[in-house]
Amino acid sequence: MNEISIALIPGDGIGPEVVTEGVKVLKAIEQLDANLSFLFTEFPWGCEYYLEHGKMMDEDGIERLADFDAIYLGAVGYPGVPDHISLWDLLLKIRKSFDQYVNLRPITLLNPTLTPLKDKGEKDIDMLVIRENSEGEYAGAGDWLFIGKPEEVVLQTGVFSRKGTERIIRYAYEEARHSKRSLTSISKGNALNYSMVFWDEVFEEVGKEYPDVDTYSYLVDAASLYFVTDPERFEVVVTSNLFGDIMTDLGAGITGGLGLATGANINPEREYPSMFEPVHGSAPTIAGKQIANPIAAIWSVSQMLEFFGEQEWANNVLTTIQHILLDPSTLTPDLGGNGTTKEVGDQVVEGLKKIVK
Ligand code: NAD
Ligand code: IPM
Ligand code: MN
């Protein structure tokens, strides 16, 4: 029996709406598979909690989350609480406390009608972006000096440790080797004369241990161009925290939008829980209307199942998503349909039942 305990953090805006659908899918799978069970515990943390209690999560929040196998998160951030507070005290705190240093973001076109790119199909857009998720430009190091004075200075320091850089690059080489795909590093050594020169060096150094892996290295500006003009160049991609954040929204743009983009925050050593979440945020302007696309959050469920060794269920969820994408009229408005969040979740459940029969 595979028993997985999951901490639910629906969070803000459309977060609760899409997490409800993901949980619905997990519960349906539990019904269909006698050897699989999920134990859910929900936490009320987020911006509303902050406005009531003055904090984004309880003081012992990290300690309590540590007992779970996985965390399933919706979105964090809402007008009324400064973004740098809400995100640093909840989402980023979890990623950092649990050393979830690998952020796995597949950029996979599931249906040719979803891409705005002319003449590109599923074969052209199928990559895995491996984003460094623990340090880099998101280290949180810096200072704010002489506030309000003419000599005011703000420093935001990128931190690229040997350990942090090596481990993400090595993870990416391993992934490329095992999946027999090429590996592309995205950096910016021409302008970032310390951090990215170091990154490029480590990419080369570690690469000596992987002579079987074909490698490419692009500057982030050129890589942005190629994502649009030649996405087929990319198979496995490794990049820094900030570049990975930006490039994966661009990736979402060429594969159907943020309503479809998923990301897993992985602690590969499994010393701590890993966290599964859609790439999108709380989308305040569409929150509470039941029009948010839950597919990204449901795809996160597929990533979670894969992480726990349930490859067949992971595939089933993705196949079902691919199947429902065939009829856009039943999908949410971002994909041109007039379906509701709940209806899309229901369709996935129905699809899974059919696969198993
Ligand atoms: P966003 O991802 O919330 O929204 C960007 C655009 O995509 C909006 O037009 C939105 O309506 C659309 N969109 C996003 N998800 C969608 C879905 N599931 N279905 C249909 N349309 C969808 O990004 P933003 O507007 O830049 O940020 C809003 C808030 O979310 C901010 O507070 C930001 O800090 C936060 N944020 C949180 C996360 C996270 O929790 N992981 C990620 C990004 C942004
Ligand atoms: C993401 C988000 C976060 C990030 C923000 C909300 C801190 O944009 O997961 O892509 O930049 O990591
Ligand atoms: Mn982002």
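By convention here, the first residue in the shown sequence is residue 1. Note that the structure is a prediction, hence the values are computed from the model and not measured. Counting starts at 1 for both ligands and their atoms, following the listed order.
Counted within 6.0 Å of CD on Glu209, heavy atoms from surrounding residues, nucleotides or ligands total more than 12; the atom is thus considered enclosed.
Among the atoms of Asp245, an N, O or S atom falls under 2.8 Å of the Mn ion (ligand 3).
The protein heavy-atom contact nearest to atom 11 (O) of ligand 2 is Tyr138 OH, 2.8 Å. Here the protein heavy atom with the shortest distance to atom 4 (C) of ligand 2 is Arg131 NH2, 3.5 Å. What sits closest to atom 8 (O) of ligand 2 on the protein, heavy atoms only, is Asp245 OD1, 3.3 Å. The single protein non-hydrogen atom nearest to atom 7 (C) of ligand 2 is Leu87 CG, 3.9 Å, given as residue, atom name and distance. Distance from atom 12 (O) of ligand 2 to its nearest protein heavy atom, with residue and atom name: Arg95 NH1, 2.6 Å.
Distance check: Phe160 CZ to Glu137 CD gives 4.0 Å after rounding to the nearest 0.5 Å.
The heavy atom nearest to atom 1 (C) of ligand 2, out of those in His280, Glu277, Arg105, is found in Arg105.
With Phe43 as the aromatic partner, Arg64 does not meet the cation-pi criteria of under 6.0 angstrom to the ring centre and within 45 degrees of the ring axis.
In this model, a donor atom of one side chain and an acceptor atom of the other lie less than 3.5 Å apart for Gln311 and Asn315. Defined by atom type and a distance below 3.5 Å, a donor-acceptor pair is missing between the side-chain atoms of Glu132 and Tyr138. Counting only N and O atoms by type, the side chains of Ser274 and Gln100 include no donor and acceptor under 3.5 Å apart.
Met127 is not listed as a side-chain neighbour of Thr184, based on a closest heavy-atom distance of 4.5 Å or more.
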For ligand 1, output the ligand-protein N/O contacts shorter than 3.5 angstrom; if there are none, return none.
residue	atom	partner	partner atom	Å
ligand 1	2 (O)	Gly281	N	2.7
ligand 1	3 (O)	Gly281	N	3.4
ligand 1	3 (O)	Ser282	N	3.3
ligand 1	3 (O)	Ala283	N	2.8
ligand 1	18 (N)	His280	NE2	3.3
ligand 1	18 (N)	Asn293	O	2.9
ligand 1	19 (N)	Asn293	N	2.9
ligand 1	30 (O)	Ser282	N	3.1
ligand 1	30 (O)	Ser282	OG	3.3
ligand 1	32 (O)	Asp83	OD1	2.6
ligand 1	32 (O)	Asp83	OD2	3.4
ligand 1	34 (O)	Asp83	OD1	3.3
ligand 1	34 (O)	Asp83	OD2	3.0
ligand 1	40 (O)	Val76	N	2.8
ligand 1	41 (N)	Glu277	OE1	3.2

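When non-hydrogen atoms are compared, ligand 2 lies under 4.0 Å from neither the backbone nor the side chain of His84.
Results of the ring pair (Phe, Tyr, Trp, His ring centres under 6.0 Å) test with Phe203 over Tyr173, Tyr218, Tyr216 single out Tyr173 as the only residue that passes.
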Stepwise salt bridge (Lys or Arg N to Asp or Glu O under 4.0 Å) test for Arg95 and Glu277: CA-CA 11 Å; Arg95 288 183 185 164; Glu277 55 161 346; 2.7 Å; yes
Walk me through whether Asp346 and Lys24 qualify under salt bridge (Lys or Arg N to Asp or Glu O under 4.0 Å). CA-CA 8 Å; Asp346 289 345; Lys24 188 193 278 177; 2.6 Å; yes
